[in-house]
Amino acid sequence: MTQTAPPPVRKAPAVRARKSGDTPAERSVRTVISPLALAGRRGKVAYWSVFALVVLLFAFAFLFPVYWMVTGAMKPPEEVVRTPPTLVPEQWRLSGYTDAWELMRLPTHLWNTVVQATGAWVLQIVFCTAAAYSLSTLKPAFGNVILGGILATLMVPVQALVVPKYLTIADMPLIHVNLLNEPLAIWLPAVANAFNLYLLKRFFDQIPRDVLEAAEIDGAGRLRTLWSIVLPLSRPVLGVVSIFALVAVWQDFLWPLMVFSDTEKQPISVALVQLSQNVPLTVLIGAMVIASIPMVLMFLLFQRHIIAGISAGGTKG
């Protein structure tokens, strides 16, 4: 009896038609409008039209207040308070800026602010960098406990620390020195910045251990490693910490108001409020414009370092 051979098995075709969205690249794209629709002429026109509209709206929302403040100081006092307001000054005049420079003694108060902000920045960079380097590289005993205690201060409201800080500045423990109306009243509290210290420590933790070990093999000590290896690699985060330190002092109002009773030593943030009672509105607006120029210039000059420092913590090595 002969056996019949089984029927041949039909193989599936080697290549089958893929549906749209089967490829990995297409499966990774999930948008309201498909890439195929955006690739067409109408899709490109619609996309760029919406993109340009959104950019213009955001630019208007951010730049219009600046324009309104700059042009407000160039209007006569009666035009500033006119209803409805005028978008373009009817009479262009720079007396608002010149009067603000002279009547509100802006050079004196700007210099006071520069001294206070520079001192706070230098001390904060030195001490926060040293503390962060110690906690990250030297690994002291109970380092995690110390770091936890430092970070715990971030949970305390700023208002709750005003009275203890004032009593400490008014009568320094052990030495019993009164630091009111002195730049040290701004510098010393600014040094204890837990956020900047933690930011520096996290960046130091991401520096490869091989680099530090190579420097140690070459005979570099701890300070030499910090100065020649760690600090050059930490320029982005140091730029961010510098911006945070300077802006915090420049825009602070409550603490300088409490520690500087002498009007000749007050920073610009306090002086604008103290001297705004007897000056026209255009003069006050001009003073605010002049006071904001240093921070705007600093951001424009160091925006590359700010962006690099913000993104520096996202990668390791």
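Because only heavy atoms are used, hydrogens play no part in the values below, and waters and symmetry mates are left out as well, while side chains stay in. Model, not experiment: these values are computed from the prediction.
- Using cut-offs of 30° and 60° on the angle between ring planes, the pair F64 and Y67 is tilted.
- In terms of modelled atom types and a separation under 3.5 Å, the side chain of T118 and the main chain of V114 share a donor-acceptor contact.
- Looking only at side-chain heavy atoms (C-beta outward), E264 and T108 come within less than 4.5 Å of each other.
- Side-chain contact check for M298 versus V247: some heavy-atom pair is nearer than 4.5 Å.
- The environment of CH2 in W121 is sparse: at most 12 heavy-atom neighbours from other residues, nucleotides or ligands sit within 6.0 Å.
- Using a 4.5 Å heavy-atom threshold, the side chains of S261 and L180 count as separate.
- Note that the CD1 atom of I169 and the CG atom of N181 stand 12.0 Å from one another [nearest 0.5 Å].
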**OP:** Run the numbers on L197 and L135 for side chain to side chain contact (heavy atoms under 4.5 Å, CB included), then give the verdict.
**Re:** CA-CA 10 Å; L197 189 150; L135 293 173; 4.0 Å; yes
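- For the pair L167/P164, no side-chain contact is recorded, criterion being any heavy-atom separation below 4.5 Å from C-beta on.
- Cluster membership for L188 and L257, using ILVMFWY side-chain heavy atoms within less than 4.5 angstrom, is not shared.
- Put simply, F142 and Y198 are part of two different groups of oily side chains (I, L, V, M, F, W, Y) that touch within less than 4.5 Å, one to the next.
- For the pair L231 and T129, the minimum side-chain heavy-atom distance is below 4.5 Å.
- Of all heavy-atom pairs between S136 and R209, the closest is O-NH1, 4.0 Å.
- The hydrophobic clustering, which links ILVMFWY residues whose side-chain heavy atoms are closer than 4.5 Å, places L223 and I229 apart.
- At distances below 3.5 Å, not a single donor-acceptor pair connects side-chain atoms of D218 with backbone N or O atoms of A220.
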Quiz: residues 267-290 side-chain donor-acceptor pairs under 3.5 angstrom, not counting sequence neighbours:
| unit_1 | atom_1 | unit_2 | atom_2 | d |
| --- | --- | --- | --- | --- |
| S269 | OG | D252 | O | 2.7 |
| S276 | OG | L272 | O | 3.2 |
| S276 | OG | V273 | O | 3.0 |

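- Follow the hydrophobic side-chain contacts under 4.5 Å out from L161 and you never reach M258; the two are in separate clusters.
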Subject >> Steps toward side chain to side chain contact (heavy atoms under 4.5 Å, CB included) verdict (S234, I207) >> reply: CA-CA 9 Å; S234 305; I207 296 178; 4.2 Å; yes
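- In terms of heavy atoms, Y133 sits closest to R222 at OH-O, 3.1 Å.
- Here the straight-line distance linking atom CG of L53 with atom CH2 of W48 works out to 14.5 Å at 0.5 Å rounding.
- Transitive grouping of hydrophobic side chains (ILVMFWY, heavy atoms separated by less than 4.5 Å) brings V66 and W92 into a common cluster.
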**OP:** Take I243 and F299 through the test side chain to side chain contact (heavy atoms under 4.5 Å, CB included) and record every step on the way to the result.
**Re:** CA-CA 8 Å; I243 296 297; F299 175 78; over 6 Å; no
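- In this pair, F244 and F195 present their aromatic rings tilted. The plane angle is within the 30 to 60° band.
- Closest approach of F260 and Q266 over heavy atoms only: O-NE2, 3.1 Å.
- Looking only at side-chain heavy atoms (C-beta outward), K165 and V259 stay at 4.5 Å or farther from each other.
- Heavy-atom contacts from other residues, nucleotides or ligands closer than 6.0 Å to CD1 of I175 number more than 12.
- Side chains of V249 and T113 form no contact here, defined as non-hydrogen atoms less than 4.5 Å apart.
- In terms of heavy-atom proximity, Y97 sits nearest to M69 at OH-O, 4.4 Å.
- A pairwise comparison of heavy atoms in L179 and A185 identifies O-CB, 3.4 Å as the closest pair.
- Between the side chains of T86 and E79, at least one donor N or O sits under 3.5 Å from an acceptor N or O.
- Looking only at side-chain heavy atoms (C-beta outward), W187 and L184 come within less than 4.5 Å of each other.
- Atom CZ of R82 is surrounded by more than 12 heavy atoms from other residues, nucleotides or ligands within 6.0 Å.
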Subject >> Chi angles and distances behind the side chain to side chain contact (heavy atoms under 4.5 Å, CB included) call for L200, L238 >> reply: CA-CA 8 Å; L200 288 167; L238 289 176; 3.8 Å; yes
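- More than 12 heavy atoms of other shown residues, nucleotides or ligands fall within 6.0 angstrom of atom CH2 in W68.
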